[in-house]
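Beneath this line is the structure, given in structure tokens, with notes to follow.
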Amino acid sequence: MDSSMATPSIAADHRPAHLQLINVWKRFGPPERQTVAVRNVDLAIQPGEFVTLIGPSGCGKSTLFNMIAGLIAPDDDGSILLSNKVQQDYGLLGKVAFMPQRDLLFPWRTVIDNATLPLEIEGVSRKAARARAEALFPEFGLEGFETHYPHQLSGGMRQRVALMRTFLFERDLVLLDEPFGALDALTRSMMQRWLLDVWAKHRRTVLFITHDIDEAIFLGDKVVVMTARPGTIKCAERINLPRPRAASVTTTGEFIDIKRRLLAVVEEESLKTFGGATLA
Amino acid sequence: MKRDALLRSPLPMLVVLALAWWLVVPALKIEARYLPPLGAVIADARSVWPDLLAGFWRTLLETVIGFFIGAALGIAAGIGFAQWRWLERGVFPIFVALQSVPVIAFGAIVVIWFGNTLASKVVIALYLAFFPIAVNTLRGLQEADPQRMALMRSFGASSRQMFLKLSLPTALPTIMIGLKIGLSLALAGAIVGEWFGDTVGLGVMLLQALYFEQVPRLWVLILTCGGLGTLLYGGAGLIERRFIWWRAE
């Protein structure tokens, strides 16, 4: 069952991928002093799939993310396909719902005006945008906070506002870059379960970056591990834990087996980064 | 509650200062030439009350008109500099050089160009207000967070939307600092502008008091100028607290 560990991608699924990365590279700097941030990444995400990506810090996760968001162009070696269509440089801008690590709320906007920002940019009327946002407030646990300002909210609430903003930008592919990284452990585990509920209801395709192995296994249909820099996909493992997942799933033998395997791989890569740093 | 608020305001301190002036000057036998008794200053103020009021309005008008034109031009220039690098490189250093010429040196030319009119004071006021507003607008517009810009781009924002929804609101607190500096400078500009010739205004009265060594009159004018400045600055502060209360993170 765990033979998937050996192959860099999971080819078992024959539906057309929602997002596909083929031989994606990113190099920075002039040829003689080049740093390779991302090398030879192949990755396919099926429609409605929740894929988590882990890797040692500085492995090029964010570069990869920015390429999928369309913020930076990949090198010419490979290509990014969205719903089987090859994307031009920066062509992905406006096609992917992207949520960076920091909540990046605008301090001069109220909670509801922060949430409707992407709709405003799309040209949705203020009234229609507000109506759509208001419908989401109970689900996001923000009822009664519509006219508050970000500085009046806790970290967990700010993160939910940022997630609501991402969800209101209704794209089928959602990119989340360590959205819970700055939260305390209790808030984080509550936010994880809540995110799964929201995902189960809306069924967007999700690519979720984290450096927390527990989080990656708990959330994902598939966990993808990146190598140390220059980052590439080391392995991918399908997580067949039944859904909906309760917090107690993290103490089952199955969960711990998966964690043991992934931990070994991640540790190996982290050591490379660490060793490289001390040698240099 | 109301008494508490009153006690925490600057009002008690002002009363203490006035009392000290009233008591200390006769007690220490300070010569009127250095600091006239408070009673003499108040009496003088009452004797020139109509002139003082007319001067106050005139100087206020010059300051406010000069400030608003200077603010409009300064903000426009700051936006232009932020938008086009070549404009900043080509024109900004010239502005810096112009700024280092003391306004007094320009005064005579301004009077030759505009005559002894309201316009010449307005021009000097706007000239002084313009620069800090332009600089702060430019600096504020350069403060927009790159990650927020990336987020806006990922939403498909046009450059116009980027400016109106992100760069400008980010810049507003910094622009506000420039506006407050500009306001004080516009007042100074209006008063100095009147020195080059006019018949009405606080600056004119100051100059006359200086010539005729009317020491109590000088103090009346100092206090009136201070009141005018406080009024303007307080108004700006009120607008800031109401509308531009956020800070860059």
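Lettering of chains follows the sequences in order, A, B, ..., and the numbering in each one begins at 1.
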Under 4.5 Å from any heavy atom of chain B - which part of A:L92: neither
Checking heavy atoms, do the side chain of A:R171, its backbone, both or neither come under 4.5 Å from chain B? neither
Just by distance, with hydrogens left out, do A:K95 and A:Q87 show a side-chain donor and acceptor under 3.5 Å apart? yes
Taking the side chain as everything from C-beta on, heavy atoms only, tell me whether B:V96 gets closer than 4.5 Å to B:F131. yes
Between B:Q147 and chain A, which part of the residue has a heavy atom less than 4.5 Å away: side chain, backbone, both or neither? both
Contact origin within A:E120 toward chain B - heavy atom pairs under 4.5 Å: both
Heavy-atom contact with chain B under 4.5 Å, split by part of A:F169: side chain
Do we get A:K26 above A:F28's six-membered ring, with its NZ or CZ under 6.0 Å from the centre and within 45° of the axis? yes
Of A:F106, A:Y149, A:W108, the largest count of non-hydrogen pairs under 4.5 angstrom with chain B goes to A:W108
Hey, does the Lys NZ or Arg CZ of A:R203 hover above the aromatic six-ring of A:W199, less than 6.0 Å from the centre and inside 45° of the axis? yes
Side chain / backbone / both / neither for B:L166 at chain A, heavy atoms under 4.5 Å: both
Test log, rule salt bridge (Lys or Arg N to Asp or Glu O under 4.0 Å), inputs A:D113 and B:K165: CA-CA 11 Å; A:D113 288 339; B:K165 294 186 195 302; over 6 Å; no
Indicate whether the side chain of B:E194 and that of B:T59 have a donor and an acceptor atom separated by less than 3.5 Å. yes
